[in-house]
Amino acid sequence: MTKLHHHREQFPALGNKTYFNYGGQGPMPQGAMDAITQTQAHIQHLGPFGNEAYGWIVTQIQATREAIASQLQIPSATITLTDNVTVGCNIAMWGIEWRAGDHLLLSDCEHPGVIATAQEISRRFAVEVTTCPLIATLNAGDPVEVIAQHLRPNTRLVVLSHVFWNTGQVLPLDKISKICRDNNSFLLVDAAQSVGALPLNLTELGVDFYAFTGHKWLCGPAGVGGLYVRPEARESLKPTFIGLNGIVVDSQGQPVSWKPDGCRYEVSTSASPLFIGLKEAIAIHQQWGTPQQRYQQILHNSEYLWRQLTELPEVKCLRTSPPESGIVSFQLANQKPLKLVQFLESQRILTRTIVNPQCIRVTVHYLTLESEIDQLVAGVQSFCQI
Ligand SMILES: Cc1ncc(COP(=O)(O)O)c(C=O)c1O
């Protein structure tokens with residue numbers, strides 16, 4: 001048995017199906033599930049409410065923050081723990097002190113939750129929201145140039161995904177953060193499809209806000225995520241939801257200031273066992289390889305899939321060159337995507353559709369086996385022959 005086969009045994013969800021929806025939700029390793037239940041039991045054993053339980057939880061949550069920080073190459077004090085990507089994006093988007101007439105720039109590949117938030121900000125604060133066309137840069141052209149053309153002197157915030165959830169395109173954030181900085185615009189990155197998939201050094205990338213989740217590529221439980229706020233941007237980003245976790249109180253229990261670090265955007269009682277589950281999931285990935293090694297394996301797998309799909313006459317991959325991420329999206333010449341997804345699901349092969357552009361999205365992780373990809377391709381082929 002190979003190292004990967006052995007490693008995969010820790011993920012019960014991979015045992016009874018062929019899974020290609022890592023970009024939707026990752027399969028949780030048994031160790032993470034066990035850590036969650038053991039943590040619940042331990043907290044009940046100690047308290048649940050009491051100094052000993054509190055002290056233990058604080059230590060464990062700090063260890064989680066450090067585990068996340070080491071994956072993102074940032075100081076742990078820059079992390080705000082959240083529920084998911086969308087909450088992190090909302091903290092960054094609402095926390096800016098908007099002025100009427102400000103401009104907010106989105107790409108045309110952003111998630112509906114982010115678009116809706118931008119629209120409500122526009123309505124409430126008379127902010128102008130525009131969209132720059134990056135979907136057309138998947139195979140040709142330069143996304144940095146397109147963004148530069150759409151920046152305005154009054155652009156306060158640019159919101160972009162690091163990896164586009166529909167096409168799998170990876171944006172060159174180092175260059176983009178530079179042009180945003182030069183324009184005095186903040187850059188918020190939706191990291192739903194990058195954290196746990198790409199090797200990252202956020203300190204070097206220079207982004208202002210980076211919102212991620214634990215439940216996709218990191219394979220943690222649903223309900224835990226985080227937001228990185230660049231230390232230099234912290235004083236400009238005001239807390240919107242406020243509670244005891246984010247404030248410093250005096251001896252009379254009165255609030256006196258925000259916490260000095262990323263905790264200032266945290267609110268109140270949270271699901272601490274789930275964060276400990278996420279820490280365990282990260283440790284399990286580390287057992288297999290470094291973020292760089294995991295990304296190389298993802299690229300190996302997505303190229304293996306892409307090459308086979310490009311050979312099928314009925315299939316059109318959105319990308320004309322091998323993918324830069326684990327996302328492989330394609331269309332069929334004469335069939336609706338949903339029909340194929342349903343056909344594959346009847347064979348316990350899980351994929352999904354995307355509406356814009358209308359396509360089938362397959363996501364491969366380092367956990368994916370070549371034999372699973374072969375199975376998928378055979379499934380697509382037999383569907384096309386029906
Ligand atoms: C690019 C992108 N942004 C945001 C989200 C929403 O993520 P969450 O459920 O963690 O808020 C997703 C989830 O599919 C996504 O792909």
Side-chain angles (χ1 to χ4, degrees), residues 19-28 68 71-72 79-94 104 106-120 131-132 134-135 138 143 157-171 173 176 187-198 200 207 209-228 240-241 265 267 270-271 274-275 277-278 281-282 298 302 318 323-329 341 350-357 359-365:
Y19 197 69
F20 294 106
N21 279 338
Y22 296 93
Q25 181 157 350
M28 239 201 293
I68 295 170
Q71 297 293 298
L72 308 186
I79 295 176
T80 301
L81 297 177
T82 67
D83 298 352
N84 49 49
V85 176
T86 308
V87 167
C89 289
N90 269 271
I91 292 170
M93 292 172 79
W94 289 103
L104 190 166
L106 297 172
S107 89
D108 57 352
C109 292
E110 300 313 317
H111 199 261
V114 167
I115 301 169
T117 307
Q119 288 171 347
E120 181 57 13
T131 301
C132 61
L134 297 189
I135 199 165
L138 178 62
L157 179 67
V158 177
V159 185
L160 300 169
S161 296
H162 195 169
V163 177
F164 286 155
W165 68 308
N166 49 1
T167 65
Q169 182 176 359
V170 181
L171 292 184
L173 283 189
I176 295 169
L187 174 61
L188 161 63
V189 178
D190 174 335
Q193 303 298 339
S194 53
V195 165
L198 304 190
L200 294 166
V207 298
F209 315 121
Y210 199 80
F212 55 93
T213 184
H215 79 282
K216 292 181 184 287
W217 295 88
L218 285 176
C219 305
V224 291
L227 171 71
Y228 161 77
T240 301
F241 288 95
Y265 310 107
V267 184
S270 67
L274 298 185
F275 284 102
L278 174 59
I282 293 171
I298 288 173
S302 57
L318 298 188
E324 315 159 287
S325 69
I327 297 178
V328 182
S329 296
V341 168
L350 300 196
T351 61
R352 66 162 288 176
T353 57
I354 294 279
V355 289
N356 183 26
C359 61
I360 297 114
R361 186 185 82 179
V362 174
T363 48
V364 293
H365 211 311

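Whatever order the structure lists them in is the order used to number ligands and atoms, beginning at 1.
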Quick test: of every protein heavy atom, which one is nearest to atom 9 (O) of ligand 1, and how far off is it to 0.1 Å?
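Result for atom 9 (O) of ligand 1: H215 CE1, 3.7 Å.
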Which residue holds the protein heavy atom closest to atom 11 (O) of ligand 1, what is that atom called, and what is the gap in Å?
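Here the closest protein heavy atom is T86 OG1, 2.5 Å.
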Distance-only donor-acceptor check, side chains T117 and E120, under 3.5 Å
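Distance-only check fails for T117 and E120.
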Just by distance, no angles: are the side chains of H162 and Y210 close enough, under 3.5 Å, to form a donor-acceptor pair?
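Present: a donor and an acceptor within the cut-off.
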Within reach of ligand 1, part of D190 (heavy-atom separation under 4.0 Å):
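Side chain only.
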Looking only at heavy atoms, is any part of T213 under 4.0 Å from ligand 1, and if so is it the side chain, the backbone, or both, or is it neither?
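Within the 4.0 Å criterion, T213 contacts ligand 1 through side-chain atoms alone.
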What heavy-atom pair brings [X] and [Y] nearest, and what distance separates the two atoms?
X    : Y    : answer
S325 : S302 : O-OG, 3.0 Å
G168 : I327 : CA-CB, 3.6 Å
P143 : Q169 : CG-NE2, 4.0 Å
L218 : T213 : CD1-O, 4.1 Å

Is [X] in polar range of ligand 1, meaning some N or O pair under 3.5 Å apart?
X    : value
Q193 : yes
V85  : yes
K216 : yes

List the steps and the verdict of side-chain contact (heavy atoms from CB on, under 4.5 Å) for V364 and Y22.
CA-CA 7 Å; V364 293; Y22 296 93; 5.8 Å; no
With atoms numbered from 1 as shown, which atoms in ligand 1 lie under 4.0 angstrom from a non-hydrogen atom of N84?
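Listed by number with element, the hits are 8 (P), 10 (O), 11 (O).
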With atoms numbered from 1 as shown, which atoms in ligand 1 lie under 4.0 angstrom from a non-hydrogen atom of W165?
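Under 4.0 Å from W165, ligand 1 has these atoms: 1 (C), 16 (O).
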